[in-house]
Amino acid sequence: MNGSLDGRTVVLGVSGSIASYKAADIASRLVQTGARVEVALTRAAAEFITPLTFRALTGRSPYVDIFRDGAEGEAHVELARRAELLLVAPASASTLARLAHGLADDALSLTALATAAPVLVAPAMDSQMWEHAATQANRALLAERGVQFLGPVSGRLASGRTGAGRMLEPAAIVDLVRARLGREHGDLAGRVIVVSAGGTREAIDPVRFVGNHSSGKMGYAIAEAARDRGASVVLISSAALAVPGGVRLVAVESARDMLAAVQAECAQADALIMAAAVADYRPAEVAARKIKRAGFDARSVDLVQNPDIVATVQGDFVKVAFAAETDDLLANARKKLVAKGAHLMVANDVTATDAGFGVDTNRVTILDTDGGVDELPLLSKYEVGQRLLDRVVSLLGARG
Ligand code: CTP
């Protein structure tokens with residue numbers, strides 16, 4: 001986890017549902033991401049999961065019964081004022097109804113009525129309740145008022161049936177909270193950042209390809225960090241990793257697919273960050289059918305050169321490239337900075353075992369066009385992404 005929610009106050013409203021227990025996981029993830037978490041439970045929620053669980057996870061006493069908890073009269077208003085975001089997860093059908101109609105008869109609904117913070121709801125209920133006209137009318141009313149809905153999704157329900165009404169998974173909910181707080185407070189709010197990731201795959205035949213060791217982790221970590229700072233993030237990827245919530249994926253395979261996607265997405269971009277390990281060569285011909293062992297002359301596969309994506313794509317955006325090197329790191333990286341017309345070049349020694357391919361940490365040096373050399377220590381890839389984005393933010397600021 002990381003400190004992307006450091007210092008932020010999130011009020012977690014928990015209503016009564018068979019998914020109430022998952023709110024403990026949400027609270028824990030928010031705390032681990034640095035947030036100060038205050039919990040408001042409905043009485044029904046307290047039947048499913050105890051306040052003690054939340055007190056242990058957040059270090060703070062949850063609000064349950066505002067008329068009995070000994071809190072001063074204005075406690076709910078205080079909580080509503082402190083909130084920078086109110087997340088209701090799970091949101092039951094009756095809690096959605098209370099919120100839609102402005103009822104204020106428990107700590108959760110009182111806080112919702114009194115807060116000026118963004119309200120995000122993650123519904124959880126049986127599909128018949130979710131699809132009922134009353135719930136749909138409440139959903140429409142809340143959405144019209146600016147409440148952001150996170151799910152529900154289709155899947156297995158507590159009743160054993162499959163249908164719409166299942167709460168989004170806690171990790172996905174926390175991702176969307178991070179994205180929203182980024183848009184409210186982040187220095188990349190309103191910006192479009194395109195990130196490429198992973199090693200491209202150049203087909204030999206329908207089952208084989210020429211590839212490389214890139215895992216895509218660096219690009220995914222940059223995408224996550226840019227999302228946390230409020231950017232609209234497009235991730236153009238050939239990797240098979242889980243896509244960070246709130247990030248738009250454009251899946252590609254080959255270098256030529258990636259070029260087409262980068263060109264299309266960069267038309268609206270403020271920055272392009274090329275973390276992908278693009279194959280420089282591809283087989284000259286792709287066999288339409290699987291090449292059989294017998295009868296194949298396997299001594300050679302003819303290769304032709306791929307386009308250089310970062311050098312080809314032009315436009316009014318900040319261009320960041322990576323230099324994966326095994327020798328003469330800085331000299332080669334400086335040459336690439338110039339040759340590719342990049343504003344920043346991230347030099348990466350791929351022979352190090354704690355940095356580069358497949359691991360969660362990286363040690364890079366950032367070169368700029370003024371001759372600046374910023375040697376960063378060994379950091380998590382997420383933190384490398386944050387440091388790199390600091391530089392992108394200042395370049396964007398200088399452009400106005
Ligand atoms: N890159 C690209 N298109 C290619 C090859 C690389 O856009 N066909 C981008 C990479 O995404 C990276 C930068 O160019 O941001 C440098 O990639 P790298 O593999 O280090 O350099 P190459 O240009 O391929 O040079 P060499 O293989 O000779 O080191």
Side-chain angles (χ1 to χ4, degrees), residues 193-203 209-223 226 233-239 241 250-267 269 271-284 303-315 317-352 355-358 362-369 374 376 381 384-385 387-389 391-392 395:
I193 308 287
V194 177
V195 182
S196 73
T200 62
R201 296 173 165 205
E202 311 297 328
F209 60 84
V210 178
N212 61 62
H213 286 301
S214 170
S215 63
K217 284 186 172 182
M218 189 64 243
Y220 278 60
I222 296 168
V233 184
V234 184
L235 180 61
I236 301 175
S237 168
S238 49
L241 300 174
V250 178
V252 295
E253 285 275 319
S254 69
R256 287 186 297 172
D257 292 348
M258 189 173 273
L259 173 63
V262 166
Q263 278 175 323
E265 298 298 337
C266 280
L272 166 67
I273 304 177
M274 280 293 297
V278 185
D280 290 326
Y281 296 93
R282 67 174 182 275
L303 299 174
V304 292
Q305 198 152 32
N306 268 329
D308 186 331
I309 300 172
V310 73
T312 305
V313 64
Q314 301 293 334
F317 50 82
V318 170
K319 210 191 259 191
V320 181
F322 276 67
E325 306 291 345
T326 53
D327 308 284
D328 300 328
L329 178 65
L330 293 188
N332 280 328
R334 170 116 355 246
K335 274 189 220 150
K336 281 184 192 170
L337 175 73
V338 177
K340 293 178 188 272
H343 299 96
L344 298 171
M345 179 60 71
V346 185
N348 201 176
D349 177 352
V350 289
T351 60
F357 292 140
N362 209 353
R363 186 185 289 110
V364 304
T365 301
I366 302 176
L367 308 183
D368 62 34
T369 53
D374 187 8
L376 302 183
K381 285 187 171 172
V384 170
R387 299 285 196 98
L388 185 56
L389 291 168
R391 301 292 299 265
V392 170
L395 286 171

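Side-chain atoms are counted along with the backbone in the values below, which use heavy atoms only and exclude waters and symmetry mates. Just follow the structure's listing: the first ligand is 1, and inside any ligand the first atom is 1.
- By the 3.5 Å distance cut-off applied to N or O atoms, A324 is counted among the residues near ligand 1.
- Closest protein heavy atom to atom 9 (C) of ligand 1: V310 CG1, 3.7 Å.
- The presence of a protein heavy atom under 4.0 Å from atom 3 (N) of ligand 1 is confirmed.
- Here the options are V384, L388, D374, the test is side chain to side chain contact (heavy atoms under 4.5 Å, CB included), and the partner is V364; only V384 passes.
- Among all protein heavy atoms, the one lying closest to atom 27 (O) of ligand 1 is D280 OD2, 3.0 Å.
- In this structure, the protein non-hydrogen atom closest to atom 8 (N) of ligand 1 is P307 O, 2.9 Å.
- Residue contact check for ligand 1: N306 places no non-hydrogen atom closer than 4.0 Å to it.
- Within the structure, ligand 1 lacks A255 among the residues with a heavy atom less than 4.0 angstrom away.
- For R256, the CZ atom sits in a loose shell: 12 or fewer heavy atoms of surrounding residues, nucleotides or ligands are nearer than 6.0 Å.
- Considering only non-hydrogen protein atoms, atom 12 (C) of ligand 1 sits nearest to F322 O, 3.0 Å.
- Residue contacts with ligand 1 for A321 involve both N, CA, C or O and side-chain atoms from C-beta outward (heavy atoms, distance under 4.0 Å).
- Between atom CZ of residue F322 and atom NZ of residue K340 there is a gap of 13.0 Å, rounded to the nearest 0.5 Å.
- Among all non-hydrogen protein atoms, the one lying nearest atom 11 (O) of ligand 1 is A276 O, 2.7 Å.
- N348 and N362 share a donor-acceptor pair across their side chains, judged by distance under 3.5 Å alone.
- In terms of polar-atom proximity, A275 is not counted as a contact of ligand 1, lacking any N or O under 3.5 Å from an N or O of the ligand.
- For A277, the closest heavy-atom approach to ligand 1 does not fall below 4.0 Å.
- The single protein non-hydrogen atom nearest to atom 14 (O) of ligand 1 is K340 NZ, 3.1 Å, given as residue, atom name and distance.
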> Would D349 and R363 satisfy salt bridge (charged side-chain N to carboxylate O under 4.0 Å, His left out), going step by step from the backbone distance to the final call?
Replying inline: CA-CA 8 Å; D349 177 352; R363 186 185 289 110; over 6 Å; no
>> Walk me through whether L344 and L367 qualify under side chain to side chain contact (heavy atoms under 4.5 Å, CB included).
In response: CA-CA 6 Å; L344 298 171; L367 308 183; over 6 Å; no
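- In this structure, a donor-acceptor pair under 3.5 Å is absent between the side chains of Q314 and T312.
- Residue I309 touches ligand 1 through backbone and side chain together, judged by heavy-atom distances below 4.0 Å.
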>> Apply side chain to side chain contact (heavy atoms under 4.5 Å, CB included) to residues N306 and D280 and explain how you reach the verdict.
In response: CA-CA 5 Å; N306 268 329; D280 290 326; 5.7 Å; no
>> side chain to side chain contact (heavy atoms under 4.5 Å, CB included), that's the test. Do S254 and F209 meet it? Break it down for me.
In response: CA-CA 10 Å; S254 69; F209 60 84; over 6 Å; no
> Going through the distances and angles, do K336 and E325 end up as a side chain to side chain contact (heavy atoms under 4.5 Å, CB included)?
Replying inline: CA-CA 11 Å; K336 281 184 192 170; E325 306 291 345; 2.5 Å; yes
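- For ligand 1, the atoms lying closer than 4.0 Å to a non-hydrogen atom of A323 are 20 (O).
- Considering backbone and side-chain N/O atoms, V320 never comes within less than 3.5 Å of an N/O atom of ligand 1.
- Y220 and S237 form a side-chain donor-acceptor contact under 3.5 Å, judged by distance and modelled atom types alone.
- Of all protein heavy atoms, the one lying nearest to atom 21 (O) of ligand 1 is K336 NZ, 2.9 Å.
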